[in-house]
Amino acid sequence: MDETVVEYIRRTVLKIPRDKIKAVLQEWDFLSEKQLQTIKFNQIKDNISYDVAQLCEENSADIKQAAILDIIYNYTYPNKRLWSVYQMRKTGGGTETFDLQVLKKKFKRQLRSVLKNVTINFREYEDSAIWIRIAWGTPYTKPNQYKTSYVVYHSQTPYVFISPSVLKSNLPLLCQALVVASNYHDICAMELRSHSLNSLKDIVFKTYSQNFQTYCPKPIQERNVAPESEDLRIIQENRSEKERIKRLNREVFGDGPQPQLEFAQYKLETMFKSNPKMDVLDKEPFRCLVKFSSPHLLESLKSLAPAGMADAALSPLLTCIPHKARNYFKIKEKKAFSPESFVTR
């Protein structure tokens, strides 16, 4: 039996939290319940991993079984990887009957036609998600099981979630195989990335409902007040301002938690507002690439106004991110644009 397979299984077990190892192994269903009972799951993880590896040797585990365990681990803990969203498109209309076996056959055939040393494994889940694991090799080396790409594809949708390996040169081969296998014509990146796979799904499948601002804030009107009531007036205005910001934030972002988005970008093509004498509007439009990144981008934007770092309500250029993401995330704003749209305190 290949010792590298057993070692890979052992390292996969080490990545699982100790109190979840038994549940993951039961879902794997490679070891019998009697074999699982011989493992002491209250010992240190290193000892557990060696016990599992020994049982796998007894069962003559192969690379397919090791890959299935790895898929289960990544499905259980998808936030351990960085995911990017891609959208596939067809030139014609109509829907086709989905056949998983046909998809598997075409995907493997396309990928192996350009690279022989590659291992491909599939696993289907109840939410209609097909998880594809690809371990890459080279024309002269065997597939490296520690440098894998993952694809999550929901049948009957054009969206694909990809977590590439460190070998970025293989990404075009992977995208081409997806297009051929799923009967689409092209694929494009939506420039939308996050460790939270579920948050990306919420955005592109529109299960996340974001409010959009329709309220234009009015400046606080000055009033003539007596000196002795000035302190009370300031306190009241501060309280009213906080309530206003809170209300506007709720109108824009809603009451629920935001999807955990870590990266987003879109293209802007517009014209500056300026003095007509400067003759700016007759020249080329202003173009730029707007990028956003944060450990939790939408929550960060939501906290700007309450923290006093930006005026409420935020510019639609900031609050429209999830909505624009559902439209290829490629935007060309045609409205006149002034720099104040991005000004923060």
Side-chain angles (χ1 to χ4, degrees), residues 1-16 24 28-30 49 52-53 56-78 80-86 88 99-125 129-155 160-189 193 197:
M1 155 168 203
D2 193 342
E3 294 181 359
T4 60
V5 173
V6 177
E7 177 62 16
Y8 182 76
I9 292 174
R10 191 185 76 81
R11 293 192 186 187
T12 303
V13 172
L14 284 174
K15 294 188 293 184
I16 308 170
V24 172
W28 187 30
D29 200 28
F30 179 67
S49 68
V52 172
C56 290
E57 272 192 292
E58 295 175 3
N59 289 15
S60 300
D62 56 16
I63 190 58
K64 181 179 180 180
Q65 292 299 331
I68 292 174
L69 176 61
D70 189 53
I71 293 177
I72 294 173
Y73 167 75
N74 280 277
Y75 175 81
T76 307
Y77 302 100
K80 298 295 183 181
R81 306 182 71 96
L82 180 63
W83 299 91
S84 299
V85 185
Y86 290 77
M88 299 183 291
D99 190 323
L100 179 57
Q101 298 306 316
V102 173
L103 175 78
K104 289 181 179 180
K105 184 177 179 180
K106 293 173 69 174
F107 185 86
K108 290 180 178 179
R109 183 174 57 199
Q110 174 65 27
L111 206 53
R112 287 174 177 161
S113 67
V114 292
L115 184 62
K116 299 297 182 182
N117 290 332
V118 60
T119 58
I120 307 168
N121 299 92
F122 298 82
R123 188 175 178 87
E124 187 177 17
Y125 284 91
I130 299 144
W131 282 63
I132 310 174
R133 177 186 181 273
I134 306 100
W136 303 94
T138 69
Y140 309 103
T141 61
K142 293 181 178 180
N144 189 334
Q145 302 302 325
Y146 298 96
K147 296 180 180 180
T148 57
S149 295
Y150 267 86
V151 175
V152 179
Y153 172 57
H154 286 256
S155 59
V160 187
F161 306 89
I162 299 178
S163 178
S165 71
V166 294
L167 304 172
K168 295 182 180 180
S169 59
N170 291 322
L171 184 57
L173 304 179
L174 175 57
C175 289
Q176 182 62 26
L178 283 168
V179 169
V180 172
S182 54
N183 294 322
Y184 283 87
H185 291 87
D186 63 6
I187 185 171
C188 65
R193 298 196 296 268
L197 177 61

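Side chains are part of it too, since the values below use all heavy atoms of this structure and drop only hydrogens, waters and symmetry mates. By convention here, the first residue in the shown sequence is residue 1.
For the atom pair OG1 (Thr12) and CD1 (Ile71), the distance works out to 11.0 Å, reported to the nearest 0.5 Å. Residue Lys64 holds its NZ atom at 14.5 Å from CG of Leu69, rounded to the nearest 0.5 Å. To the nearest 0.5 Å, atoms CG (Asp70) and OH (Tyr75) are separated by 15.5 Å. Distance CH2/Trp136 to OG/Ser169: 8.5 Å, rounded to 0.5 Å. Here SG of Cys175 is found 5.0 Å from OH of Tyr86. Values are rounded to the nearest 0.5 Å. Note: Ser84 OG to Leu197 CG = 11.0 Å, rounded to the nearest 0.5 Å.
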Determine, step by step, whether Asn74 and Thr148 satisfy the side chain to side chain contact (heavy atoms under 4.5 Å, CB included) criterion, reporting the C-alpha distance in whole Å, the side-chain angles of both residues, the deciding distance to 0.1 Å, and the verdict.
CA-CA 11 Å; Asn74 280 277; Thr148 57; 5.9 Å; no

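The heavy-atom pair separating Ala61 from Val5 by the smallest distance is O-CG1, 4.0 Å. Annotation for His185 and Val179: closest pair C-CG1, 3.7 Å, computed over non-hydrogen atoms. Ser49 and Leu14 get closest at one heavy-atom pair: OG-CD2, 3.8 Å. Scanning both residues, Tyr153 and Val160, for their nearest heavy atoms gives CD1-CG2, 4.0 Å. Across Lys147 and Val166, no two heavy atoms sit closer than the pair CD-CG2, 3.6 Å. Nearest heavy-atom pair, Trp28 versus Gln65, reported as atom, atom and distance to 0.1 Å: NE1-O, 3.0 Å.
No side-chain donor-acceptor contact under 3.5 Å links Asn117 to the backbone of Lys142. Listed for the Ser163 side chain is a donor-acceptor partner under 3.5 Å among the backbone atoms of Leu82. Side chain of Asn121 to backbone of Ile68: no donor-acceptor contact under 3.5 angstrom is found. A donor-acceptor contact shorter than 3.5 Å links the side chain of Trp83 to the backbone of Pro78. With hydrogens and angles disregarded, a donor-acceptor distance shorter than 3.5 Å links the side chain of Ser149 to the backbone of Ser165.
Residue Gln145 forms a side-chain hydrogen bond (donor to acceptor under 3.5 Å, both in side chains) with just one option from Arg11, Glu7, Arg133, and that option is Arg133.
When the salt bridge (charged side-chain N to carboxylate O under 4.0 Å, His left out) test is applied to Lys80, no partner is found at least two apart in sequence or on another chain.
Side-chain contact between Val118 and Leu173: absent, with no pair of heavy atoms (C-beta onward) separated by less than 4.5 Å. By the 4.5 Å heavy-atom criterion applied to side chains, Phe161 and Val151 are not counted as neighbours. Side-chain contact between Tyr8 and Tyr146: present, with at least one pair of heavy atoms (C-beta onward) separated by less than 4.5 Å. Counting heavy atoms from C-beta outward, Ile162 and Leu178 have side chains that approach closer than 4.5 Å.
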Distance-only check: which donor-acceptor pairs under 3.5 Å involve side-chain atoms of residues 104-112, not counting sequence neighbours?
from: Lys106; atom 1: NZ; to: Val180; atom 2: O; distance (Å): 3.4
from: Lys106; atom 1: NZ; to: Asn183; atom 2: OD1; distance (Å): 2.6

